[in-house]
Colleague: 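Before I ask anything, let me first share the structure, which is written out below as structure tokens.
Whatever order the structure lists them in is the order used to number ligands and atoms, beginning at 1. Since the structure is predicted, the reported quantities are computational estimates derived from the model, not experimental observations.
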Amino acid sequence: MIDLFSDTQTRPSTGMREAMARAEVGDEQSGSDPTTNALCERVAALLGMEAGVFMPSGTMCNLASILVHCRPGEEIVVDDQSHIYNTEAAGAAAVGGVSVKALPTRVGLFTLAQVEAAIRVPQRTAPRSRLVSIEQTTSFSGGTVWDVGEMRLIRDYAQARGLKAHIDGARLLNAVVATGISAADYAAGFDSAWIDLSKGLGCPVGAVLCGSADFVERAWQWKYRLGGAMRQSGVLAAAGLYALDHHMTQLAEDNANAGRLHRAIADVPGLGFDPTAGQSNILCFTVEALGIPAAAFAAACLEEGVRVRAIGTHQIRATANLDVDRAGIERAAEVIRTKATMFGQRP
Ligand SMILES: *Cc1c(COP(=O)(O)O)cnc(C)c1O
């Protein structure tokens, strides 16, 4: 099976498992797990932030950030394809009493003008705008890479109006290897940012949320409240440290593989690509012109041992990851081409 469903499907490598087995551990909650502490310091330094906190998931990083930055009745601004809006079980609303303004976007990128229009003038009748979140790279929109200049304009505009600025950096490091712009440059000036360890980096679990020391102290309190405080988490943190040492080159390979897949199927009649397609490790395309639902296209590919993900009615998402090598990508391209041609020739 060639599994392009998601980079979350990656399994810990042998080397990673060995590092986990060897990990020095202590009690995370009392700050005495040395491996977890080392991971937090490492990621904070990588993002150029004062401090970091190890979280069980990226979802908890987003939620804890929203809970620290916002009070009930306030509002956050995100894109309408975002993970926060679509796949976090409405945590902001359910746990934080925070409403979500989702800006319409094509590939997950909103503009400064949209943010200007979205931030509300403070008045008694309106929710108070409190946070803008940028997803770098975009997940459900095909791994689009935000321009760092645009991110900074939006950050500055928001902060000048009393909002906080947050980066959902689940795949920030894919943007880093795609552009050569450092994670610290991307995160500079933002109030919070995090990276996921369980996507392309290949860890079984975990994410690290960073910000000022004060922010992280308050995020820690939410980690406790939400049940995310662990004990000998060094076993998991060791996987993260191992990934940062050994899997960064893999992210570049994943980006390259998504680009290869894109080039190999870009001319297939009936498949539609955005001009931004193939910027990092996720490739989205529409099968709308073939007149079949994305789910049917995904099922047809699966019959040939290629697993892709149907997103919405017409969109297919293929995510390059460390379990699929170049030959696997070539095979996937062949299957996608064959299936599209088959569906395209139906009367
Ligand atoms: C995967 C993902 C998350 C959530 O991370 P988990 O570790 O799976 O909880 C949040 N945002 C984006 C953009 C993601 O891709």
Colleague: Which ligand 1 atoms, with their elements, are less than 4.0 angstrom from a heavy-atom of Ala170?
Modeller: 2 (C), 11 (N), 12 (C), 13 (C), 14 (C), 15 (O)
Colleague: Test of understanding: given a 4.0 Å heavy-atom threshold, classify the contact between Ser57 and ligand 1 as side chain, backbone, both, or neither.
Modeller: both
Colleague: Ring centroid separation for Trp146 and Phe110, is it under 6.0 angstrom?
Modeller: yes
Colleague: In terms of relative ring orientation, are Phe273 and Phe285 parallel, tilted or perpendicular, with 30° and 60° separating the classes?
Modeller: tilted
Colleague: So that I can tick it off, tell me whether Glu75 and Arg130 are bridged by a salt bridge, with the cut-off set at under 4.0 angstrom between side-chain N and carboxylate O.
Modeller: no
Colleague: At what distance is the nearest protein heavy atom to atom 4 (C) of ligand 1, and which residue and atom is it?
Modeller: His83 CE1, 3.3 Å
Colleague: For ligand 1 and Glu88, I'd like to know whether there is a polar contact (N/O to N/O, distance under 3.5 Å).
Modeller: no
Colleague: Indicate yes or no: does an N/O atom of Glu135 lie under 3.5 Å from an N/O atom of ligand 1?
Modeller: no
Colleague: Report yes or no: do Met151 and Val176 belong to one cluster of Ile/Leu/Val/Met/Phe/Trp/Tyr joined by side chain heavy-atom distances under 4.5 Å?
Modeller: yes
Colleague: For ligand 1, which atoms sit closer than 4.0 Å to a heavy atom of Asp196?
Modeller: 1 (C), 5 (O), 6 (P), 7 (O)
Colleague: With heavy-atom distances below 4.0 Å as the criterion, list the atoms of ligand 1 near Ser139.
Modeller: 13 (C), 15 (O)
Colleague: Gly58 to ligand 1: N or O pair under 3.5 Å?
Modeller: yes
Colleague: Check the pair Arg106, Asp274 against salt bridge (Lys or Arg N to Asp or Glu O under 4.0 Å), reporting the backbone distance first and the verdict last.
Modeller: CA-CA 9 Å; Arg106 175 125 182 85; Asp274 265 298; 3.1 Å; yes
Colleague: Answer yes or no: does an N/O atom from Thr59 fall short of 3.5 Å to an N/O atom of ligand 1?
Modeller: yes
Colleague: Looking at ligand 1, does any of its N/O atoms fall within less than 3.5 Å of an N/O of Arg171?
Modeller: yes
Colleague: Take every heavy atom of Lys199, measure it against each atom of ligand 1, and state whether any distance is under 4.0 Å.
Modeller: yes
Colleague: With a 4.0 Å cut-off, would you call Arg231 and Asp27 a salt bridge?
Modeller: yes
Colleague: Tell me, do Leu322 and Leu201 make a side-chain contact under 4.5 Å, heavy atoms counted?
Modeller: no
Colleague: Could you tell me if the ring centre of His166 sits under 6.0 Å from that of Phe190?
Modeller: no
Colleague: Side chain, backbone, both or neither: which part of Phe140 has a heavy atom under 4.0 Å from ligand 1?
Modeller: neither
Colleague: Are Phe297 and His314 close enough that their ring centers fall under 6.0 Å?
Modeller: no
Colleague: For ligand 1, indicate whether the residue Asp168 contacts it via side chain, backbone, both or neither (heavy-atom separation under 4.0 Å).
Modeller: side chain
